[in-house]
K.L.:
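Got a structure for you, questions after.
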Amino acid sequence: MKDVQLPYLLLYLGSVFLAAVSQVLLKKAALRSHRSVIAEYTDWRVMLGYFLFFGCTLLTMLAYRGIPLNLGPVLEATSYLYVTIFGVTIFHEKLNRKKILALALIVCGVLLYSL
């Protein structure tokens with residue numbers, strides 16, 4: 001972690017968060033009924049979701065200027081936390097012991113690798 005520059009680390013984590021937000025937008029759009037296939041793909045949620053995914057790709061590439069390549073997948077694992085939080089709060093999904101244990105293992109793995 002010595003080689004990591006904080007602004008780039010925050011940029012990467014922000015990119016991962018925005019990717020999770022775009023997944024929520026796409027899922028929200030998928031849950032709605034549309035008049036046609038064209039209407040499905042021109043829904044503002046779909047368009048914004050894909051725009052965010054594209055932006056996240058650019059942000060991630062920029063973030064790799066200041067963080068080592070081997071840290072990227074570890075930071076990407078934080079997306080599981082965001083997706084779980086969004087799933088519980090927005091989509092009212094249930095958390096069970098197995099999911100909580102899996103999230104705890106992910107967090108421990110990220111922390112252990114970071115130290």
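Numbering starts at 1 and runs along the sequence shown.
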K.L.:
Compare all side-chain heavy atoms of T78 with those of L13 and state whether any distance is below 4.5 angstrom.
P.N.:
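Yes. Closest side-chain heavy atoms under 4.5 Å.
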K.L.:
Is there a path of hydrophobic side-chain contacts, each under 4.5 Å between heavy atoms of I, L, V, M, F, W or Y residues, that connects F86 with L31?
P.N.:
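Yes.
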K.L.:
Side chains of K28 and F91: closer than 4.5 Å at any heavy-atom pair?
P.N.:
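Of all side-chain heavy-atom pairs linking F91 with K28, at least one is under 4.5 Å.
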K.L.:
Would you say CG of L111 has more than 12 non-hydrogen atoms from neighbouring residues, nucleotides or ligands within 6.0 angstrom?
P.N.:
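Yes - once you tally the heavy atoms of other residues, nucleotides and ligands closer than 6.0 Å, there are more than 12.
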K.L.:
Between V21 and I85, is there a shared hydrophobic cluster once you connect ILVMFWY residues whose side-chain heavy atoms come closer than 4.5 Å?
P.N.:
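No; tracing contacts between hydrophobic side chains, which count when under 4.5 Å, never links both residues.
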K.L.:
Answer yes or no: is there a side-chain heavy-atom contact under 4.5 Å between V107 and L103?
P.N.:
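Heavy-atom side-chain distance check fails, nothing below 4.5 Å.
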K.L.:
Answer with yes or no whether the hydrophobic clustering places V24 together with Y41; edges join I, L, V, M, F, W, Y residues whose side-chain heavy atoms lie under 4.5 Å apart.
P.N.:
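V24 and Y41: separate clusters.
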K.L.:
Going by the rule ring-ring contact (aromatic ring centres under 6.0 Å, His included), which residues pair with Y50 if we only count those two or more places apart in sequence or in a different chain?
P.N.:
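For Y50 there are no ring-ring contact (aromatic ring centres under 6.0 Å, His included) partners, ignoring immediate neighbours.
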K.L.:
Taking side-chain contact (heavy atoms from CB on, under 4.5 Å) as the test, write out the residues that go with L112, two or more places apart.
P.N.:
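Partners of L112 by the side-chain contact (heavy atoms from CB on, under 4.5 Å) criterion come out as none, since no residue qualifies.
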K.L.:
To check you understand the geometry: which heavy-atom pair defines the closest contact between R45 and L26, and what is its length?
P.N.:
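Here R45 and L26 meet closest at O-CD2, 4.4 Å.
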K.L.:
Please tabulate, for the side chains in residues 60-75, all donor-acceptor contacts under 3.5 angstrom to protein atoms that are two or more places apart in sequence or on a different chain.
P.N.:
residue: T60; atom: OG1; partner: S15; partner atom: OG; Å: 2.8
residue: T60; atom: OG1; partner: C56; partner atom: O; Å: 2.8
residue: Y64; atom: OH; partner: Y12; partner atom: OH; Å: 3.4
residue: N70; atom: ND2; partner: Y113; partner atom: OH; Å: 3.0

K.L.:
Do Y80 and V83 share a hydrophobic cluster, counting only Ile, Leu, Val, Met, Phe, Trp and Tyr and linking them when any side-chain heavy atoms are less than 4.5 Å apart?
P.N.:
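No; V83 is not reachable from Y80 via cluster members.
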K.L.:
With side chain to side chain donor-acceptor pair (under 3.5 Å) as the rule and sequence neighbours excluded, what pairs involving residues 30-40 come up?
P.N.:
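Every pair satisfying side chain to side chain donor-acceptor pair (under 3.5 Å) with a residue in residues 30-40: H34-D43.
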K.L.:
Given the rule in the side chain to side chain contact (heavy atoms under 4.5 Å, CB included) test, do F53 and L18 qualify, once you have shown the distances and angles that lead to the verdict?
P.N.:
CA-CA 8 Å; F53 269 132; L18 284 177; over 6 Å; no
K.L.:
Are L52 and V46 co-members of a hydrophobic cluster defined by side-chain heavy atoms under 4.5 Å apart?
P.N.:
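Cluster IDs for V46 and L52 differ.
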K.L.:
For K99, what residues pass the side-chain hydrogen bond (donor to acceptor under 3.5 Å, both in side chains) criterion, not counting sequence neighbours?
P.N.:
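For K99, no residue satisfies side-chain hydrogen bond (donor to acceptor under 3.5 Å, both in side chains) once neighbours in sequence are set aside.
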K.L.:
Taking only residues two or more places apart in sequence, or in another chain, which ones meet Y82 in a ring-ring contact (aromatic ring centres under 6.0 Å, His included)?
P.N.:
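Checked Y82 against ring-ring contact (aromatic ring centres under 6.0 Å, His included); matches are F17.
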K.L.:
Rounded to the nearest 0.5 Å, what's the gap from CG on L105 to CG on L101? Could you check?
P.N.:
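Here the rounded value is 4.5 Å.
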K.L.:
Show your reasoning for whether side chain to side chain contact (heavy atoms under 4.5 Å, CB included) applies to L6 and L9.
P.N.:
CA-CA 5 Å; L6 185 61; L9 178 78; 4.0 Å; yes
